Amino acid sequence: MTRLVKLADDALGEGILIDDDRQLVSQILVPSRYQTDHITDVPIMATPTDVYSLQMQLIANQKYWMWPVTGAVLTFPDAAKSHQVN
């Protein structure tokens with residue numbers, strides 16, 4: 001399942017894309033720069049620190065991999081589909 005975690009205040013722009021099935025997390029990104037219509041799970045965080053903390057928790061404690069997101073549509077690239085969960 002893919003979810004987009006972002007700030008309540010879109011002017012600040014921080015967000016991360018998370019794929020829990022493949023244990024992937026994106027770099028910190030600005031969600032408004034991407035097409036996100038296909039993402040239905042969008043938890044809202046109160047501060048940028050909350051977003052950064054979640055990203056680091058996933059990487060450090062839950063062994064998620066950081067995988068960069070590029071392109072106009074907010075999704076992990078096709079190469080990420082072959083990532084195997086440890």
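Remember, predicted model here, so these are calculated numbers, not experimental data.
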Shortest non-hydrogen contact between P77 and P68, atoms and distance:
CD-O, 3.6 Å
Is Y52 reachable from Y64 through a run of hydrophobic residues whose side-chain heavy atoms are each under 4.5 Å from the next?
yes
Determine yes or no for a side-chain-to-main-chain donor-acceptor pair under 3.5 angstrom, with D21 supplying the side chain and M1 the backbone.
yes
Taking all non-hydrogen atoms of both residues, which atom of F76 and which atom of W67 are closest, and how far apart?
CE2-O, 3.5 Å
Out of the candidates Q55, K63, Q62, only one should pair with I59 under the side chain to side chain contact (heavy atoms under 4.5 Å, CB included) rule; please name it.
Q55
Do V25 and W65 have side chains that approach each other closer than 4.5 Å (heavy atoms only, starting at C-beta)?
no
Do any N or O atoms from the side chain of H38 and from the backbone of T75 form a donor-acceptor pair under 3.5 angstrom?
no
How long is the straight-line distance from OG1 of T49 back to CG of L7, given to the nearest 0.5 Å?
9.5 Å
With a 4.5 Å cut-off on side-chain heavy-atom distances among I, L, V, M, F, W and Y, is there a chain of contacts connecting Y34 to I44?
yes
To the nearest 0.5 Å, what is the distance between CD1 (I39) and CG (L4)?
5.0 Å
Please, which pairs that meet salt bridge (charged side-chain N to carboxylate O under 4.0 Å, His left out) have at least one residue in residues 74-84, sequence neighbours excluded?
D78-K81
Can you tell me how far apart CG (L74) and CG (D37) are? Round to the nearest 0.5 Å.
11.0 Å
If we only count heavy atoms from C-beta on, is the N61 to L58 side-chain gap below 4.5 Å?
no
Side chains of S53 and D50: donor-acceptor distance under 3.5 Å anywhere?
no
Which value, rounded to the nearest 0.5 Å, describes the distance between L17 atom CG and I28 atom CD1?
11.5 Å
Validation row: V5, L54 side chains within 4.5 angstrom (heavy atoms):
yes
With clusters defined by side-chain heavy atoms of hydrophobic residues (ILVMFWY) lying less than 4.5 Å apart, directly or transitively, does V69 cluster with V30?
no
Walk me through it: do I18 and T2 pass the test side-chain contact (heavy atoms from CB on, under 4.5 Å)?
CA-CA 6 Å; I18 300 169; T2 301; over 6 Å; no
Would you please test K6 and V51 for side-chain contact (heavy atoms from CB on, under 4.5 Å) and show each step?
CA-CA 7 Å; K6 66 179 192 173; V51 176; over 6 Å; no
In the single-linkage hydrophobic clustering (I, L, V, M, F, W, Y; side-chain heavy atoms under 4.5 Å), do M66 and M45 co-cluster?
yes
Side chain to side chain donor-acceptor pair (under 3.5 Å), paired with R3, selected from T40, D41, D20
D20
